[in-house]
Amino acid sequence: MMMMHMQLRATGVFIALEFCTRATALIGWPRGGTLVTGSAVQFDREAWERNLAQPNATGSFPVTGFDISQRWPSQQVDGWTLSLNVSSDVPDSQTIDSSNATGKTFTGTSIFLTSPESIQEAFTNQTALDGTTWKICVSVLPNGPQEDQSAADNGTCGFLSSQCVTDLQQAYADKFSGSQDCYGTPPSTPSSCGSSVDTNNFEVQQFPLNSVNGTEIFVTASESHDAGDETARDNAIRQVWPVLTVWGWNTRAKAPEDSSPQVQLSCIRANNVEPGNGSPSSASLTFRGASNIALGIATLAACYVLL
């Protein structure tokens with residue numbers, strides 16, 4: 001009976017993981033702070049990080065953030081980065097339920113937000129973590145476009161119109177609250193955005209300040225495929241990831257009622273491909289840019305799996 005119970009429980013977990021793969025994001029890795037989406041939910045953190053530490057392609061882009069080691073609001077500082085790793089051929093033999101391995105592989109993507117070293121050092125102190133007046137929310141749009149060398153957006157997210165960005169700014173600014181977490185109900189998608197963006201698709205989380213050393217904020221993986229699948233690899237390399245970094249406050253900040261969070265909207269993708277990985281042309285692997293806008297916070301309908 002005990003063995004049967006364990007088998008049923010394992011089957012239930014696998015079914016739940018498969019459901020989350022199709023449905024939405026999972027916040028469930030140890031240490032928290034990472035949105036786990038797509039087929040990445042089939043991996044634990046250790047196996048995932050081991051494979052993504054050997055990427056086929058990377059990207060690293062500067063973000064103008066704030067000195068969050070000081071009380072909100074503080075001065076803007078350079079040295080923050082958004083980066084990503086893309087690894088192809090992550091074996092299904094390393095999934096949580098490896099008994100179902102068939103020799104297929106996955107192509108994975110991890111996105112990181114990293115602070116300047118001085119801020120990393122400040123948040124090794126638990127007192128600093130407990131007493132912070134900052135609340136950073138990071139939102140990732142998982143269905144951004146794929147672009148090639150013909151695409152040029154002059155340093156902004158070119159697939160979004162300026163009116164769409166303006167309307168999103170107002171909609172999300174109205175939703176931000178220092179007294180609530182980052183998973184509130186999203187506003188309606190502005191009509192000016194058309195089908196370019198759907199606020200219900202934003203994956204958002206509150207960024208743990210002890211993750212400023214570069215812990216993943218978002219991970220995802222393709223459907224399983226044959227090893228050496230160049231299409232899956234190249235699709236991941238071309239994928240554009242719009243990321244909103246929201247620099248907000250919590251209740252300890254005692255912010256004035258008319259305060260607005262500052263957000264940097266960055267569209268990032270791989271811009272450095274390891275030799276022999278059959279990448280798109282170097283002309284296509286360029287920084288897609290970032291634009292500073294005052295936004296509030298998007299939403300996440302999270303799927304929780306208790307293992």
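Not a single donor-acceptor pair under 3.5 Å links the side chain of Asp167 to the backbone N or O of Pro190. Looking only at distances, a side-chain donor or acceptor of Ser39 sits under 3.5 Å from a matching main-chain atom of Ser222. Judged purely by atom type and a 3.5 angstrom limit, Thr133 has no side-chain atom pairing as donor or acceptor with the backbone of Arg71. Within the 3.5 Å criterion, the main-chain N or O of Thr107 finds no donor-acceptor partner in the side chain of Ser88.
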- Take Gln239 and Arg269 through the side chain to side chain contact (heavy atoms under 4.5 Å, CB included) test and state the conclusion after the steps. CA-CA 6 Å; Gln239 182 71 44; Arg269 65 170 175 173; 5.9 Å; no

- Task: With ring pair (Phe, Tyr, Trp, His ring centres under 6.0 Å) as the test, would you mind laying out the steps for Phe66 and Trp134 before giving the verdict?
- Result: CA-CA 10 Å; Phe66 290 83; Trp134 287 87; 5.5 Å; yes

- Task: Quick one: do Ile68 and Ile119 satisfy side chain to side chain contact (heavy atoms under 4.5 Å, CB included)? Show the steps, please.
- Result: CA-CA 7 Å; Ile68 62 172; Ile119 295 176; 3.7 Å; yes

- Task: Evaluate side chain to side chain contact (heavy atoms under 4.5 Å, CB included) for Trp241 paired with Ile111, printing each intermediate quantity in order.
- Result: CA-CA 9 Å; Trp241 296 97; Ile111 297 176; 3.8 Å; yes

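By the 4.5 Å heavy-atom criterion applied to side chains, Thr37 and Val219 are not counted as neighbours.
Applying the salt bridge (charged side-chain N to carboxylate O under 4.0 Å, His left out) test to Asp226 and every residue at least two apart in sequence or in another chain returns Lys104. For Ser259, the side chain to side chain contact (heavy atoms under 4.5 Å, CB included) partners at least two apart in sequence or on another chain are Trp72, Trp249, Ala255, Pro256.
Each of Thr245, Leu82, Ile136 was checked for a side-chain contact (heavy atoms from CB on, under 4.5 Å) with Ile217, and the lone residue meeting it is Leu82.
Under 3.5 Å, the side chains of Thr102 and Asp92 contain a donor-acceptor pair of N or O atoms.
Between Phe112 and Phe218, the ring centre distance reaches or exceeds 6.0 Å.
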